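Quantities reported herein were computed from a predicted structural model and do not represent experimental measurements. Here is how names work: the chains are called A, B, and so on, in the same order as the sequence lines, proteins then strands, and each is numbered from 1.
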Number of protein chains: 2
Amino acid sequence: MSKLFLMIEPLLRPRLFSCDTCLFKIITCQFIKQSEFDELQQRSSQLKFKKGEYILKQGATTTHLVFLQQGIIKFNLEDESGKNSILTITKAPSLIGGANVFYESINMFSVVAVEDCACCLIEIPLLMEIALGNTQYFMKLLEIITGMFKTSILNFISLAHKQVNGRIADVILYLAGSIYQSHSFTLSLSRKELAEFAGCSTENVIHTLSRFHREGILTVSSKKIIINDPERLQKISRIG
Amino acid sequence: MSKLFLMIEPLLRPRLFSCDTCLFKIITCQFIKQSEFDELQQRSSQLKFKKGEYILKQGATTTHLVFLQQGIIKFNLEDESGKNSILTITKAPSLIGGANVFYESINMFSVVAVEDCACCLIEIPLLMEIALGNTQYFMKLLEIITGMFKTSILNFISLAHKQVNGRIADVILYLAGSIYQSHSFTLSLSRKELAEFAGCSTENVIHTLSRFHREGILTVSSKKIIINDPERLQKISRIG
DNA sequence: ATCAAATCATGAAATAATGCAGTTTTTGCC
DNA sequence: GGCAAAAACTGCATTATTTCATGATTTGAT
């Protein structure tokens with residue numbers, strides 16, 4: 001890419017990140033033509049979201065699939081009385097909003113940035129047009145989307161049939177294993193959000209984390225968490 | 001159909017129910033050729049399951065999609081320690097095992113007959129062969145399968161973030177609304193199964209049902225349940 | 001029809017979880 | 001840096017839930 005192009009390119013169509021190294025492309029490019037990918041790219045828009053901003057809003061209609069390029073998001077269910085439930089937390093890279101592709105276009109829940117995010121919004125009609133002409137590509141998309149459904153169902157199972165101790169152990173293990181991928185991490189969620197995720201009161205999260213800290217299972221100091229005894233945490237998760 | 005044919009047909013290939021009035025056909029026949037449906041029918045097998053029998057077994061691999069023609073089933077998750085959780089209850093007509101179609105062939109959970117069932121087992125590879133050549137049919141299948149995913153997620157949401165009162169109210173309302181479709185019904189589930197569905201102890205189910213009975217919300221006498229005050233039950237469900 | 005096993009039911013004690021009131025700490029903003 | 005607001009924390013009273021012990025009832029097998 002020439003220096004001149006680098007200078008004027010942002011004026012034409014600013015790119016927050018390169019489409020050539022985009023994982024969505026890497027995952028699926030083996031199945032579609034460069035020309036098809038180029039068209040997708042042309043008609044996609046890259047957007048930044050600050051922590052706390054809505055990426056998709058529950059109840060709104062969408063015509064876009066969101067590829068989360070960078071950041072961490074929560075799936076948020078808001079009920080009539082204003083109570084929030086967090087269905088799951090996901091980090092980039094991830095394809096979100098898949099439920100809308102094959103079913104209906106009204107968002108079942110909100111997607112909110114938990115950390116600053118970079119996203120790519122892909123037009124669903126265009127994507128479908130390409131997918132319908134290409135079985136392998138279609139199947140790949142399906143696999144990604146049903147895989148996400150599956151994950152969130154498994155998430156729920158662990159939450160729905162355990163007591164708070166086990167649920168909080170689950171949440172911590174999930175965050176360590178799937179989000180931060182380390183036994184030592186700095187939470188991007190508040191205690192209130194942890195409570196919305198675990199389905200209990202904020203106080204209960206605080207009490208339980210303090211207890212785990214007292215018992216040496218975790219080291220908790222404000223947002224910083226270290227898992228000292230993963231085995232015991234897993235045991236608590238197992239027995240519920 | 002001639003009388004002679006009726007006499008010998010069972011010897012050739014016994015049919016528990018007619019394929020021509022099968023809802024799976026009615027839902028999808030508008031999109032596929034009669035010859036395609038005939039082949040599906042040829043290679044499908046009809047089976048009966050008694051109450052308590054496994055239709056699909058968690059952890060086993062399947063190459064068949066199950067169309068539930070008659071009866072009520074539960075989706076059962078069995079953990080290492082032998083604890084059961086009921087994910088959801090579904091009645092005929094319903095297409096089950098859809099998760100296996102696009103993802104992988106290992107059953108995430110068991111499917112067990114809660115009442116005597118009649119099922120039709122459809123070969124997934126053959127179904128896919130037909131679907132891949134027929135966009136509309138494919139989309140229809142997808143809609144059915146993702147719709148089921150969606151329903152079970154919504155089911156969970158209501159269970160995961162409520163207290164036992166609300167969860168049991170939910171379970172009763174779900175059974176009345178979606179399974180028995182009446183305010184007065186005879187349970188095919190035991191108290192233990194209700195507990196596995198609501199995610200609480202068996203005693204808690206019994207206590208709560210007795211309380212609802214005492215308060216005039218329900219009339220409960222062993223397996224027979226009458227909802228006397230749906231509004232109050234709904235309110236309990238809402239406030240959790 | 002009878003017996004054993006499973007299910008249903010009840011109450012009481014122990015444990016778990018919530019909600020509240022009040023305090024400290026952190027965060028964001030001018 | 002200082003201030004206000006939000007978040008984090010603590011202990012305690014209240015409520016919810018489980019667990020256990022016990023007995024009644026129902027179900028299924030022989």
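- Of the two residues contacting DNA chain C, namely Ser190(B) and Val164(A), the nearest-nucleotide position lying further toward the 5' end is that of Ser190(B).
- Comparing the local axis fitted to the first five base pairs of the helix from dA1(C)-dT30(D) to dC30(C)-dG1(D) with the one fitted to its last five gives a bend of 60°, rounded to 10°.
- Just one residue in the list Ile168(A), Val220(A), Asn165(A) forms a side-chain contact (heavy atoms from CB on, under 4.5 Å) with Arg211(A), and that residue is Asn165(A).
- Put simply, CZ on Arg191(B) is 12 Å from P on dT26(D), counting in whole angstrom units.
- Going from atom CD1 of Ile206(B) over to atom P of dT18(D) covers 12 Å, rounded to whole Å.
- Between the CD atom of Glu193(A) and the C1' atom of dA7(D) there is a distance of 11 Å, rounded to whole Å.
- Between the side chain of Asn107(A) and the backbone N or O of Ser110(A) there is no donor-acceptor pair closer than 3.5 Å.
- Remark: the backbone N or O of Lys224(B) is not paired with any side-chain donor or acceptor of Ser221(B) at under 3.5 angstrom.
- In this structure, Leu187(B) places its CG atom 15 Å from C1' of dT26(D), rounding to the nearest Å.
- Classified by interplanar angle (parallel below 30°, tilted 30° to 60°, perpendicular above 60°), the ring pair Phe197(B)/Tyr174(B) is perpendicular.
- Counting non-hydrogen atoms under 4.0 angstrom, Thr202(A) reaches nothing in the nucleic acid.
- Between the C1' atom of dA16(C) and the CG atom of Asn204(B) lies a distance of 12 Å, rounded to the nearest Å.
- Counting to the nearest Å, the P atom of dC8(C) and the CZ atom of Phe212(B) are 18 Å from each other.
- Between Val114(B) and Lys51(B), the shortest heavy-atom distance links the atoms O-CG, 3.3 Å.
- Formation of a donor-acceptor pair under 3.5 Å by the Arg191(B) side chain with backbone atoms of Ser222(B) is found in this model.
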Under 4.0 Å protein heavy-atom contact, by nucleotide of nucleotides 19-30 of chain C - B base, S sugar-phosphate only: BB----------
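- For Lys223(A) (side chain) and Leu189(A) (main-chain N/O), a donor-acceptor pair under 3.5 Å exists by modelled atom type.
- Between Phe185(A) and Tyr180(A), the ring planes lie parallel to each other; the angle is under 30°, not in the 30° to 60° tilted range.
- For the pair Leu209(B) CG and dT7(C) P, the computed distance is 16 Å after rounding to whole Å.
- Using modelled atom types, one side-chain atom of Ser182(A) and one backbone atom of Ser184(A) make a donor-acceptor pair closer than 3.5 Å.
- Here dT10(C) presents its P atom at 12 Å from CZ of Arg211(B), a figure rounded to the nearest Å.
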